[in-house]
Structure formats: C-alpha cells, structure tokens
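Report on the following structure.
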Protein chains: 2
Amino acid sequence: MKRPSIGDVARHAGVSTATVSRALNMPASVTEKTRMRVEEAVEALHYVQSETARNFKMQRAHSVLVVAHDIGNIYYSELFRGVQRRAEASNYAITITNPSPGGTKELIFNQLRTAKVDGVIVLSGYEMSDDDYDLLEKLYSGHPPIVAMCEERGHVRVPQILIDNEHAGYLAGRHLIEMGHRKIAHAYGPHRMPVRRARANGFRRAMAEAGLTVREEYFLEGGFSSPGGRAAAQSYLSLKDRPTAVFCGNDESAMGFMSQLSKYGVSVPEDVSVVGFDDIVLADCYIPALTTLHQPKEEMGRQAMSLLLGLIESPADVQQTIVELPVHLIPRDSVKRLK
Amino acid sequence: MKRPSIGDVARHAGVSTATVSRALNMPASVTEKTRMRVEEAVEALHYVQSETARNFKMQRAHSVLVVAHDIGNIYYSELFRGVQRRAEASNYAITITNPSPGGTKELIFNQLRTAKVDGVIVLSGYEMSDDDYDLLEKLYSGHPPIVAMCEERGHVRVPQILIDNEHAGYLAGRHLIEMGHRKIAHAYGPHRMPVRRARANGFRRAMAEAGLTVREEYFLEGGFSSPGGRAAAQSYLSLKDRPTAVFCGNDESAMGFMSQLSKYGVSVPEDVSVVGFDDIVLADCYIPALTTLHQPKEEMGRQAMSLLLGLIESPADVQQTIVELPVHLIPRDSVKRLK
DNA sequence: ATCTCTTGTAAAAAGGATTTCAAAACTGGG
DNA sequence: CCCAGTTTTGAAATCCTTTTTACAAGAGAT
C-alpha cells in the first residue's frame with residue numbers, strides 16, 4: 001500500500017490527470033459534476049498532492065531560509081515568530097539556520113542556487129561583498145531575493161527592514177539627560193555589528209546637544225551577550241569617577257551588567273541607572289524592571305517576510321525596498337531621577 | 001541565461017548524464033580522468049544540482065518539521081539550537097512551525113503526507129489520539145517518523161526524548177527542605193501539560209519523605225509564562241500564612257513571580273525563597289541569580305534529531321525509542337537557608 | 001585465440017503534478 | 001437542425017535528476 005498519485009485519482013474518477021489537477025487547483029474551470037466525482041475519488045483514496053512533485057514542476061520550493069548567527073538567541077527568536085506567522089499565511093515554510101562562522105555567504109549561495117529555497121532573510125551580520133553580490137546576481141540571472149534585517153541603512157546592498165539605530169541611541173541619551181544624569185557611560189556591542197556604531201553616534205549626539213562631553217573611558221567594551229555585560233561591569237567598577245548611568249548595547253548585556261554589579265554591592269537604580277535596548281520578553285520581569293528601547297520585533301519579522309514574498313513572486317512590483325520601523329523608549333524602573 | 005542542468009554538463013564534458021551523475025555522487029565508480037573532465041565542466045558552467053529535482057527523484061525532502069506552540073519561547077529556542085546543529089551535520093534542513101491552536105494534528109498529517117518533510121519533532125503538547133495514530137500508521141504504511149520532546153513518559157505513543165520530571169520535582173522539594181524550609185508552595189504549570197503533574201508529584205514525594213504535608217492552598221495556579229508567575233504571586237500575597245519557599249513551574253514564571261512580589265515589597269530570598277525550572281539562558285543574570293533545575297536543552301534537541309534521523313533512514317535499526325536525560329539542581333542565590 | 005571480467009557509454013524509465021494543444025462537448029441563434 | 005462560438009476535457013509533453021538496463025570496448029586469464 002503506497003501513496004496514491006494523481007493518476008490513481010484520475011482512474012478512480014474516470015477522468016484524466018489534467019482534469020484532476022484542474023479540479024483541485026482551479027475548481028472554477030471544471031463542471032460541478034466533474035468536481036464532485038474528483039472530490040469523491042480524493043476522499044476515497046485519501047489522496048494528498050505531493051509537495052515535492054509540485055515544487056519540482058513549479059520550480060518553487062515554497063520555502064525560505066532564515067540565517068541567524070544564533071538561533072537560540074532571545075532577541076532573534078521573537079523575530080522568527082513574526083517571520084513564521086507571515087510565511088504561514090502564504091503557505092511558505094521557513095528554514096532557520098545557524099551558519100558556521102564565516103560561512104554565511106556560501107550557505108546563501110548554495111541554498112539559493114540549488115533551488116532549495118526561494119529566498120533568504122539574513123539577520124545582522126551579512127558577510128557578502130559587492131563582488132559576491134555581483135556574482136550571485138549573474139548566476140541567479142536577476143536580483144536574488146534576499147532581505148536583510150537588523151542591519152544599518154546603506155551597509156548592505158539588499159532590501160532591508162530596519163530601525164533607526166542612531167535615533168534610538170539619541171533617545172536613550174536624551175532620556176538619561178532628562179532624568180538629570182550628566183556622567184553617562186555606554187556599553188558597546190561587538191565590533192562586527194554596524195548597528196553598534198549608529199547607536200553610539202545617536203548617544204553622542206544627545207550628549208553634544210546637551211553640551212556634555214563623553215569621556216573616552218566611559219565607552220565600555222561590552223558585546224551583545226550577558227558575559228559581555230559582565231565584562232562591561234568590571235570595566236565600570238574599575239573607573240575612578242563612576243558614571244551615574246549606563247546605556248547598554250542590548251537587554252541581555254544590560255542584565256549581565258546589572259547582575260555583575262550586584263555581586264559587588266552596587267545596585268540599580270540607586271547607585272547607577274541603566275538603559276537597555278531591544279525590550280526582550282523578560283525585560284519587564286527583571287528587578288528592577290528594565291528601561292529600554294522597544295523594537296517591534298514581531299512586526300519586523302512579518303514585514304521582512306512580506307517584502308521577501310514580494311521579491312519572490314513579483315519583483316517588478318516591489319517599490320519600497322527599505323522599510324524603517326519606529327523605536328520608542330519604555331521607561332520602567334532601572335533609571336533613577338537625579339536630584 | 002538559465003540554470004545549467006546535468007545535461008549541459010554532460011555535453012560540455014563530452015560524456016553522458018549518467019556519467020556526470022556517477023562522477024558527482026559516487027566518484028569511486030568512475031575513472032580519475034573522467035572525473036576530472038566532469039569537474040571541469042561543473043566548474044566552467046557553475047553547475048549545482050537541483051535539490052528539488054533530487055528530492056523528487058529520491059523521494060526524500062531532506063527536511064524535518066519541528067512543531068512548537070511558541071517558536072518565540074526562550075526555552076524552546078535553546079532546544080532548536082540542538083536540533084538544528086544535529087540536522088545540519090546530516091545535511092537536513094529544519095522547518096519550525098507554530099501550529100494554530102488545536103491544529104497540531106492536522107499539521108503533522110498534512111506535512112508528512114504531502115511528503116514535504118521526512119519526519120517530525122513535536123515539542124510538548126502532542127494532541128493525537130491513538131485512533132489518529134492508527135490512521136496515520138495506515139496511511140503512512142508503517143511507523144511514521146515522529147519524535148516527541150518534553151512529554152511525560154508513556155503519555156504519547158511515539159519515540160521520545162525526555163527528562164525525569166518526577167525526579168526533578170523531587171530534587172526541588174528536597175533542596176528546599178534541606179535548606180530548612182517547611183512551608184513550601186508550588187506554582188503549577190498549565191493544565192494541558194502533563195509534565196506539570198509529574199513535577200508536582202515529585203515535589204509531593206519529597207515533602208512526604210520529610211514527613212511534611214502540603215496544604216492545598218499552597219498549590220498556586222501559575223502557567224508557564226511570566227504573566228502566569230505574576231498571577232501566582234497575587235495568590236501568594238493573599239495567603240494568610242505565607243510559605244517561606246515556592247517551587248515555580250519554570251524559570252519564566254519564576255521571574256514573573258519574583259517581579260510581581262517585588263512590587264509589593266516582598267523580596268527574594270529574604271522573605272521567600274524561589275526555585276525555578278529549566279535553567280534558561282538568563283537565569284544566572286537575574287537578581288537574585290535563580291536556583292533552578294537544569295535541563296540539558298541543547299543536548300535534548302540533538303538527541304531528538306538523532307533519533308528521528310534513525311527512524312527516517314533505518315527504522316529497523318532503532319532500538320532505544322525512549323531516551324531519558326539527566327536533570328540536576330543548580331543552587332544559586334534565590335534560596336535562603338533558614339536558621 | 002577465445003572467454004570472462006571490468007568499466008564506461010548510451011538510452012530509457014521513473015517519479016507526480018502541471019500545462020499546452022487539440023479534440024470533444026456543449027451553447028445559443030438562425 | 002445546423003453552424004459558429006464557447007466551454008470542458010484528455011493525451012501528451014514537460015520539469016531534471018537518478019537509476020537501470022543493455023551494450024560496447026578493452027583488459028586480463030586460460
């Protein structure tokens with residue numbers, strides 16, 4: 001007993017395979033009576049179309065690749081949810097992959113060229129050069145459907161969904177200034193991430209606007225992970241003149257930062273105020289609840305998938321290839337008003 | 001300019017398509033010279049095999065489905081990492097899906113029967129009855145390759161990767177008792193999850209072993225999310241005789257619980273001790289660092305994928321269909337020693 | 001020199017659904 | 001009842017690779 005094929009259904013219903021196919025895919029193009037007969041046969045045989053055969057014929061994988069450096073990451077997993085929901089709505093599957101370091105490029109090349117996926121969404125850390133992209137365009141004969149997320153505007157040559165990191169950094173700085181802080185540090189994200197620079201620039205702009213200078217030793221090397229935050233905390237503790245507030249690169253590192261400080265009896269927000277970035281799911285459960293910049297993560301995922309589907313299905317119709325979503329600051333309890 | 005096919009390569013190399021296929025898939029069955037010629041042609045034409053054509057012919061999707069209720073969940077995302085790593089090693093892709101509530105069954109049926117995936121990994125919340133399973137077995141003609149994770153032993157009819165939730169619950173209870181606690185509450189997970197009962201049973205056993213009775217009002221309805229933890233906190237606060245310790249269903253709810261308590265000036269571990277479950281990535285960054293039961297999440301994912309690959313590729317060789325991984329308690333700072 | 005064995009080549013089948021093209025079956029008007 | 005025009009249907013081609021079969025040529029053994 002094997003899977004029934006379209007031929008079995010056709011035989012059972014006493015029609016041709018073409019008619020079965022039409023009855024299933026374009027019911028309107030077939031008489032009521034024929035449709036009924038086909039449906040009965042489908043029912044009787046427990047027939048379902050084979051996706052692989054269909055994909056083969058249609059030259060579509062009905063699947064897109066999502067490339068992320070760490071699929072276990074909290075921040076990313078919220079993005080995935082948005083991507084997944086939008087994909088599902090259009091009957092696409094998503095394949096989520098962690099490329100081996102430095103292998104992103106090969107992975108994308110390979111998956112797109114073997115027709116394993118119809119398009120790619122790349123999350124922060126796009127490693128393709130313009131030359132690579134030219135080659136891919138040539139091999140792909142046209143614009144390969146790739147969408148980037150969480151990159152900096154202009155940093156990659158593909159359509160992208162992003163937020164205004166510079167503005168977000170500015171908001172963080174301004175908020176701390178408004179709360180009366182003057183000595184403010186910034187715990188940096190990792191070097192390879194271009195968003196890091198944009199956030200820092202915005203922060204600097206807010207400081208400059210308030211006539212404040214940012215001391216060089218107040219830029220703490222941190223990374224985007226909790227160990228990174230702990231490292232930044234160590235740097236913080238070793239400062240002679242400690243800042244009264246710190247703007248951390250993201251929420252995870254902010255939590256590592258605060259956790260490490262607590263081991264040395266330094267508490268937030270009493271001794272130092274902290275602002276995070278991302279608004280990950282547990283940010284409001286931290287003690288103190290973390291003041292942070294909210295990114296519409298699920299929406300970003302959804303929009304990335306929408307854009308990608310547009311590129312796949314009707315590239316000519318895609319007008320807007322850069323979509324910027326709003327960020328806003330959510331005041332919670334990790335920032336203290338001074339005086 | 002379109003994708004080159006195997007025929008183009010054959011023509012370019014002056015051999016037949018069969019030879020090209022052999023040169024690529026079984027290099028040993030072809031002379032060195034022929035292989036070189038084929039490789040040159042492949043190089044020159046930038047040829048890559050089409051995955052869809054290959055899958056079609058081979059009747060394999062080289063892809064497995066991972067079904068989870070919430071792909072954005074922190075706990076799951078760590079499991080995904082393990083699954084993904086193991087899958088990648090065998091050149092399989094994973095598709096992660098959030099089924100619509102109640103739709104898990106249809107989803108699995110559909111995806112397996114359309115041959116879209118070669119197997120399925122289901123995370124906690126398997127909704128198939130024995131009848132459904134019989135039907136699937138009949139339609140699939142054999143044992144459909146399905147592996148469950150995070151279920152209770154014996155609760156589902158498929159091979160599974162699990163932990164001993166009863167023992168884990170026992171460990172949590174015993175630890176709190178050893179730390180001098182007598183009045184201990186338990187914040188429950190959601191009703192639909194069978195693991196909830198096992199954890200509670202283990203906890204009860206530890207209490208009974210110490211000659212302690214568990215008051216009924218000390219079982220707090222909680223859920224597995226941070227809002228659930230907040231709700232449990234409200235129940236806790238309303239108790240006349242408050243317990244000195246609470247064993248929470250998982251880390252997320254524990255964080256919601258502690259966060260909510262802090263709003264009412266109740267602090268952990270001074271006023272109440274807390275034990276979580278899962279050891280999610282930020283558990284050690286919480287203030288206080290959370291004492292919890294560590295699940296080897298990535299390893300569980302890896303093993304689930306290994307088991308599934310076995311079921312797909314050589315079902316006859318699969319001996320052990322239930323794999324139990326060890327859990328252990330990690331003491332941190334959220335439990336205070338009494339007197 | 002004949003026979004067997006190896007190795008590569010050519011040709012064709014298989015896999016399941018879609019699509020094209022032409023034939024058949026209808027429709028309505030005269 | 002016939003014809004032109006329209007709708008519905010069926011046979012066959014197509015998508016591309018892998019596998020199978022049949023065969024030819026060359027190598028080695030008797």
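Predicted model, so just to flag it, every value in this text is computed and none were measured.
If you take NZ of K116(B) and P of dA17(C), they are 15 Å apart, rounded to a whole angstrom. Per the geometry, NZ belonging to K33(B) stands 13 Å off C1' belonging to dT9(C), to the nearest Å. One interatomic measurement links the two molecules: CD1 of I6(B) to P of dC15(D), which rounds to 16 Å at whole-angstrom precision. Distance CE (M26(B)) to P (dT18(D)): 12 Å, rounded to an integer number of Å. Per the geometry, CD belonging to E51(B) stands 14 Å off C1' belonging to dT18(D), to the nearest Å. With rounding to whole Å, R11(B) atom CZ is found 16 Å from dT9(C) atom P. Following rounding to the nearest Å, L45(A) (CG) and dA17(C) (P) show an atom-to-atom distance of 12 Å.
T31(B) comes within 4.0 angstrom of sugar-phosphate atoms only, judged by non-hydrogen atoms across all strands, and of no base. T34(A) comes within contact range of the sugar-phosphate backbone alone, with a heavy-atom separation under 4.0 Å but no base atom that close. Within the nucleic acid shown, V20(A) has no heavy atom closer than 4.0 Å to any nucleic acid atom.
The shortest distance between the side-chain N/O atoms of S16(A) and the OP1/OP2 oxygens of dG10(D) is below 4.0 Å. OP1 or OP2 of dT18(D) has not a single side-chain nitrogen or oxygen of Q59(B) nearer than 4.0 Å. Contact check, Y47(B) against dC16(D): no side-chain N or O comes under 4.0 Å of OP1 or OP2. Phosphate proximity of dT18(D) to N25(B): present, with a side-chain N or O under 4.0 Å from OP1 or OP2.
Between R37(A) and E40(A) there is no salt bridge, since none of the side-chain N atoms of the basic residue sits less than 4.0 Å from a carboxylate O of the acidic one.
Atom CD of residue E88(B) and atom CG of residue L107(A) lie 7.5 Å apart, to the nearest 0.5 angstrom. Residue Y92(B) holds its OH atom at 5.0 Å from CD1 of I312(B), rounded to the nearest 0.5 Å. To the nearest 0.5 Å, atoms CE (M26(A)) and CG (L24(A)) are separated by 12.0 Å. Distance check: K57(A) NZ to F56(B) CZ gives 10.5 Å after rounding to the nearest 0.5 Å.
Side-chain to base pairing of R54(B) with dG15(C): no donor and acceptor N or O lie closer than 3.5 Å to each other. Side-chain atoms of K57(B) stay outside donor-acceptor range of the base of dT19(D), with no qualifying N/O pair under 3.5 Å.
Side-chain atoms of V15(B) lie closest to dT9(C) of the nucleotides dT9(C), dT18(D), dC21(C). The listed nucleotides are dA11(C), dG10(D), dT19(C); the one nearest the side chain of S21(A) is dT19(C). When distances are taken from the side chain of S5(A) to each of dT17(D), dC15(D), dA17(C), the shortest belongs to dA17(C). Out of dT18(D), dA17(C), dC16(D), the shortest distance to the side chain of S50(B) is found at dC16(D).
Across every non-hydrogen atom of R86(B) and L309(B), the tightest pair is NH1-CD1, 3.4 Å.
Stacking annotation: F56(B) is stacked on the base of dG15(C) (ring centroids less than 5.5 angstrom apart, interplanar angle below 30 degrees).
Axis angle between the ends of the helix from dA1(C)-dT30(D) to dG30(C)-dC1(D), five pairs each and rounded to 10 degrees, works out to 50°.
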Begin from the C-alpha positions of H143(B) and L311(B) and carry the test side-chain contact (heavy atoms from CB on, under 4.5 Å) through to its verdict.
CA-CA 9 Å; H143(B) 288 274; L311(B) 293 171; over 6 Å; no
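Annotation: H62(A), atom NE2; neighbour count of heavy atoms from other residues, nucleotides and ligands within 6.0 Å is above 12.
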